[in-house]
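Read the structure below first, then the notes.
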Protein chains: 2
Amino acid sequence: MTEKTSHATVDDVAALAGVSTATVSRCLNAPDRVTAATREKVMTAVRALNYTPNFGAKALASKRTGIIGAVVPTLENAVFAHGVDAFERALAPGKFALLVASSGYEAGREKRQIEALVARGADGLLLVGFDRDPAIYDWLALRKVPYVLAWSSGESHPYAGFDNLSGMAAMVGMVLELGHRNIAMISGITSGNDRARDRLEGARSAMAQAGLSFCGVREVAYGLESAAGAFSALMADRRVTAVICGNDVLAAGALRAAHGMGLRVPEDVTITGFDDIDIAEITWPQLTTVRVPHSRMGEEAARLLQDLIAGRPGESVLLATELVRRGSHAAVAGAGILP
Amino acid sequence: MTEKTSHATVDDVAALAGVSTATVSRCLNAPDRVTAATREKVMTAVRALNYTPNFGAKALASKRTGIIGAVVPTLENAVFAHGVDAFERALAPGKFALLVASSGYEAGREKRQIEALVARGADGLLLVGFDRDPAIYDWLALRKVPYVLAWSSGESHPYAGFDNLSGMAAMVGMVLELGHRNIAMISGITSGNDRARDRLEGARSAMAQAGLSFCGVREVAYGLESAAGAFSALMADRRVTAVICGNDVLAAGALRAAHGMGLRVPEDVTITGFDDIDIAEITWPQLTTVRVPHSRMGEEAARLLQDLIAGRPGESVLLATELVRRGSHAAVAGAGILP
DNA sequence: TTGTACGCGTTATCAA
DNA sequence: TTGATAACGCGTACAA
């Protein structure tokens, strides 16, 4: 009875090919350090035995797994789904694989997920934003795990992101130019979320620069329903002519609520988004929003992280955001200013 | 100069705690097989040394990684993003982590991704649909890697999915009841995609049952633009009063094209979707579509796969789809049938 | 309940 | 270019 269930090992391959295990290993990991003739013999044996290197043994001996971890709030937001998708595709094929975990916007869960990924041997990490317990950065440094932050500018950390603050300030600036003065905002929950905080901050500073402040600000969880609720509450103040939203999902929810209330967009109220995900082009009217190059950002993050893992310097990159003027904005009625 | 860079090992912990390495291992993996007193000593040492088990060594010795792999066409489609998100959340926390790869709807790339995940020591796999090279299933069986198929009923394979065929047949049945007779369809690319094929097949069989066939069928890549193009082409036939779409993205693209052509929906043309993702509620009018319990499916798939990995039997589950009647359908003009 | 000692399969060092 | 051999760090029979 031969052991049919056990897999072939380097020893089996070496024996069949008539070489040493060291040569087999070289053939697989550094083919150019072996003569064509022996390489041929070895590869034939590999195929004959259907040999696959044991992952654990390889990781143990080489001290690297080829696994990169990513922790995002949720894949349900297209922003992260697209970014992670692009990130994964930009990883050197065959060399790295992506381990994904979600935090549900919870700091505690994010910490546990980071630990779990590192425990699984992640060679590097992709994280969202910079706002987290400093102990985590210390721990990562201690463990010598390289990481890249995305969707924000990472302050002192390596990052591939953009400036949420100025992006939103530009949007509010445009709304002000349209003559709006009574403006409200629906923001994401800012606690533990630097993206949401920066967007709110950017909006407020643009208002302040014009000597104004918001009629009302509502912090709500990202979701159509919560945005719709916030919108109705905000519009109770009949002076409001524009509602700035922290992202496109929030804006879509507000838009729907507006329709439900019999309000015309943009004639009665201007609604703006942020992110420029697919839904921005699907709503009616289409959303005026801030374009963020999510896919490009995923690619840059992958490039940067792979540099870091390889011991190369690696430079952070700040991507530009862009105002996208579509149909959900207009000059305030009677303002005499053209859109 | 002490070696500051090397991490603590079981030996270090054992030495500090004054026990053997075996006891340390037991404390971490089977705490109940150790007295509370020694456990306390060991855990104190673990914390003091900031000890984390080496992943490679653990995997090598235990022959399992706690890594589960998933290969989906793309995370850009909300259907997969949501499903994967739910799947990941349903994985036993701390015990399993999710390795995600995308195939871009390419069979060759999917095969390579599967191999890459198995090479990374995946204890189990989540795959989309059943339509793939049989050699892959053989290879998986040879390697003894458990897997679960989702988004389809998996034929002879373990699956957590739903019946695309009957789901679409029900939708077409409803459209026929509304009096429509000149119907066209925008389908996803059916080659290598059993979901798209089943939906097209289900639609055709419902038509056939009424003694009809489609005015036109267009197979296009999933995307707003391609759907918009297909819609205009299909509507060149002025008899068409309803367009069945293979999924919600396609339907959203068709809807946008309809607006662009000055067609009213649903007064001039009925448009239906499939999947019931977020955008179905964001379009105007909201999409009449087929609801698929993506999150529930992800959870069931996780449950099933974990059963399989644990050596338990594990039962496939077929989830029910449901017709969601919203605003994009209406009785054909002059049909005298109420919606 | 705890300790001893070996095996897991690969890579890397150093000679040849 | 190739080969012998020593790590790599943990789990686990088996014995105490």
Side-chain angles (χ1 to χ4, degrees), chain A residues 3 5-43 45-46 49-67 95 118-123 143-144, chain B residues 3 5-46 49-67 95 118-121 123 143-144:
Chain A
E3 189 77 18
T5 64
S6 77
H7 291 172
T9 70
V10 267
D11 295 286
D12 300 326
V13 176
L16 183 59
V19 299
S20 72
T21 61
T23 300
V24 174
S25 180
R26 277 188 217 104
C27 277
L28 268 28
N29 301 308
D32 18 287
R33 307 193 50 168
V34 159
T35 60
T38 56
R39 198 188 316 150
E40 188 59 35
K41 281 192 304 184
V42 171
M43 294 317 286
V46 164
L49 296 172
N50 215 312
Y51 169 74
T52 312
N54 177 287
F55 176 67
K58 193 176 177 125
L60 176 57
S62 68
K63 298 183 184 307
R64 39 176 57 262
T65 58
I67 288 178
K95 199 170 169 200
V118 172
R120 295 259 172 346
D123 288 340
R143 286 270 180 297
K144 297 195 190 313
Chain B
E3 189 75 21
T5 63
S6 77
H7 290 174
T9 70
V10 269
D11 295 284
D12 301 326
V13 176
L16 183 59
V19 299
S20 73
T21 61
T23 301
V24 174
S25 180
R26 280 188 212 103
C27 276
L28 268 28
N29 302 308
D32 18 288
R33 306 194 51 164
V34 160
T35 60
T38 56
R39 197 188 315 150
E40 189 57 36
K41 282 193 302 186
V42 172
M43 295 316 285
T44 304
V46 165
L49 295 172
N50 217 314
Y51 168 74
T52 313
N54 176 285
F55 175 68
K58 196 179 174 112
L60 177 57
S62 68
K63 297 186 183 309
R64 39 175 59 261
T65 58
I67 288 177
K95 200 169 170 200
V118 172
R120 295 260 171 346
D123 289 340
R143 287 271 179 296
K144 297 193 191 314

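A note on names: the letters A, B, ... follow the listed sequences, proteins ahead of strands, and every chain is numbered from 1.
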Atom-to-atom span, [atom1] of [X] to [atom2] of [N] - whole angstrom:
X: B:Phe55; N: D:dC8; atom1: CZ; atom2: C1'; result: 15 Å
X: B:Lys63; N: C:dG9; atom1: NZ; atom2: C1'; result: 8 Å
X: A:Asp11; N: C:dT10; atom1: CG; atom2: P; result: 7 Å
X: A:Asn29; N: C:dG9; atom1: CG; atom2: P; result: 17 Å
X: B:Glu40; N: C:dT2; atom1: CD; atom2: C1'; result: 18 Å
X: B:Leu60; N: C:dG7; atom1: CG; atom2: P; result: 13 Å
X: A:Arg33; N: C:dC14; atom1: CZ; atom2: C1'; result: 12 Å
X: B:Arg26; N: D:dA13; atom1: CZ; atom2: P; result: 11 Å

Would you indicate which nucleotide in [options] comes nearest to any side-chain atom of [X]?
X: B:Thr21; options: C:dA5, D:dG3, C:dG7; value: C:dA5
X: B:Lys58; options: D:dA4, D:dC10, C:dT11; value: D:dC10
X: A:Ser20; options: D:dT12, C:dT10, D:dA4; value: D:dA4
X: A:Val10; options: C:dT11, C:dT10, D:dC10; value: C:dT10

Note to self: Quick check: do B:Thr9 and B:Asp12 have side-chain heavy atoms less than 4.5 Å from each other?
What the structure shows: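 Yes, their side chains come closer than 4.5 Å.
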Compare side-chain N and O positions of [X] against OP1 and OP2 of [N] and report whether any pair is under 4.0 Å apart.
X: B:Thr23; N: C:dT2; result: no
X: B:Asn54; N: D:dC8; result: no
X: B:Thr38; N: C:dT2; result: yes

For [Y], does its backbone N or O pair with a side-chain atom of [X] as donor and acceptor, under 3.5 Å?
X: B:Arg120; Y: A:Gly66; result: yes
X: B:Arg39; Y: B:Pro31; result: yes
X: A:Arg26; Y: A:Val34; result: no
X: B:Thr44; Y: B:Glu40; result: yes

Note to self: What's B:Val24 touching, base or sugar-phosphate or nothing? Going by heavy atoms closer than 4.0 Å.
What the structure shows: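 Since no nucleic acid heavy atom lies under 4.0 Å of B:Val24, the category is nothing.
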Item checked: Touch class at under 4.0 angstrom, heavy-atom based, for B:Thr9 against every strand present ->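 Sugar-phosphate only.
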Notebook entry, point to check: Considering heavy-atom distances to DNA chain D, does B:Ala61 or A:Thr35 have its closest nucleotide positioned more toward the 5' end?
Noted result: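 Taking each residue's closest nucleotide, the earlier one in sequence belongs to A:Thr35.
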